[in-house]
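These figures come from a predicted structure and were not determined experimentally. A note on names: the letters A, B, ... follow the listed sequences, proteins ahead of strands, and every chain is numbered from 1. Below, each value reflects all heavy atoms present in this structure, side chains not excepted, and no hydrogens, waters or symmetry copies.
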Amino acid sequence: MSRVAGRTDWAEEEDDNDVQLPAQQITKNKDGTETIITYRIGDDGKKYKTTRRIKKTVIKQVVNPRVAERKAWAKFGQEKGKAAGPQTDTVSVAENIHFRPVANWKASTEDKGEDEKKQMELKNAKIKCRICSGDHFTTKCPFKDTMAPEGDVAPADMPDDAPGGAQGGLGTGAGGYVPPHLRGRGGAGEKMGGKFDRDDSATLRVTNVSEMAEEQDLRDMFSRHGHVTRVFLAKDRETGRAKGFAFVSYADRDDAAKACEKMDGFGFGHLILRVEFAKKA
DNA sequence: AATGAGCGA
């Protein structure tokens with residue numbers, strides 16, 4: 001009794017009763033895996049040795065490039081002139097929250113950026129303006145209002161007695177211009193009220209999409225619930241910056257309904273997706 | 001908060 005009374009370290013006493021166990025051993029294997037050997041005493045009082053072989057996955061922390069860029073800014077406003085980093089008197093730093101990052105989240109954007117650039121260059125190399133020979137479409141030419149395509153004579157300037165089709169000008173080609181009302185399926189009258197006649201009955205509108213997400217990311221996520229026929233990620237035409245919403249179409253409306261239920265509230269990147277059926281069928 | 005294109009070469 002008195003022997004115990006003076007003691008404060010009860011945990012140590014507990015240890016004294018235990019059989020001494022060998023320390024955990026970790027061995028690194030050539031193939032990148034690790035073997036971990038641990039020892040424990042089971043409920044039955046027997047000594048157990050556990051051998052586990054694990055593969056470590058490196059999770060690269062993803063920082064939004066725009067956020068990273070802001071971090072390099074010089075301080076301004078009331079914090080102007082202060083040293084870099086958070087000031088403890090004005091800023092409290094929250095713990096780093098890892099928010100359910102998805103498996104296929106793009107860890108690096110650099111390499112794919114170059115890929116895309118090359119694709120664009122290839123595409124652009126093929127097009128040649130018929131007016132100024134620039135690398136844009138004729139309709140995009142800055143001179144399209146003031147100049148006619150090379151080798152053509154503007155109709156207004158064409159004399160009435162000009163030989164028809166001699167220069168292969170506008171309106172003389174067999175497969176030339178097709179008026180809007182004759183385009184598309186058979187050219188019947190406008191039945192659909194909307195501008196676009198796509199079928200949106202199995203289309204979901206996805207909002208609160210991280211601006212770092214790409215169409216392929218969405219396709220990957222939504223494909224597990226059915227056959228995705230189309231993914232449209234809204235972007236600004238000039239800047240290419242994602243607008244934060246997208247449309248995902250399924251071949252089957254039932255799949256769309258299931259996906260809608262499953263994916264609404266799904267954590268993607270650092271945001272929670274909102275998914276509902278698209279309006280304007 | 002937010003409902004999408006470009007047609008060609």
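- When distances are taken from the side chain of A:R237 to each of B:dG6, B:dA5, B:dA2, the shortest belongs to B:dG6.
- The interatomic distance linking A:N208 (CG) with B:dT3 (P) rounds to 14 Å, in whole Å.
- Atom pair A:R230:CZ and B:dT3:C1' shows a separation of 11 Å (rounding to whole Å applied).
- Checking side-chain atoms of A:Y250 against main-chain N and O of A:F222 turns up a donor-acceptor pair under 3.5 Å.
- Within the cation-pi definition used here (under 6.0 Å to the ring centroid, within 45° of the axis), A:R198 does not qualify as a partner of A:F247.
- Judged purely by atom type and a 3.5 angstrom limit, A:D255 has no side-chain atom pairing as donor or acceptor with the backbone of A:G226.
- Between A:R205 atom CZ and B:dT3 atom P there is a gap of 7 Å when expressed in whole angstrom units.
- Remark: ring of A:F232 does not overlap the six-membered base ring of B:dA5 in a stacked fashion, as centroids less than 5.5 Å apart with planes less than 30° apart are not both met.
- In this structure, A:D236 atom CG and B:dA2 atom P are separated by 18 Å, rounded to whole Å.
- Rounding to whole angstrom units, NZ of residue A:K279 and C1' of B:dG4 are separated by 17 Å.
- Distance, A:L204 CG to B:dA2 C1': 16 Å, rounded to whole Å.
- Judged by distance alone, the side chain of A:S249 and the main-chain N or O of A:T229 form no donor-acceptor pair under 3.5 Å.
- Between A:G244 and A:K235, the residue whose closest nucleotide on DNA chain B is further toward the 5' end is A:G244.
- Atom CG of A:D200 is separated from atom C1' of B:dT3 by 9 Å (rounded to the nearest Å).
- B:dA5 atom C1' lies 13 Å from atom CZ of A:F245, rounded to whole Å.
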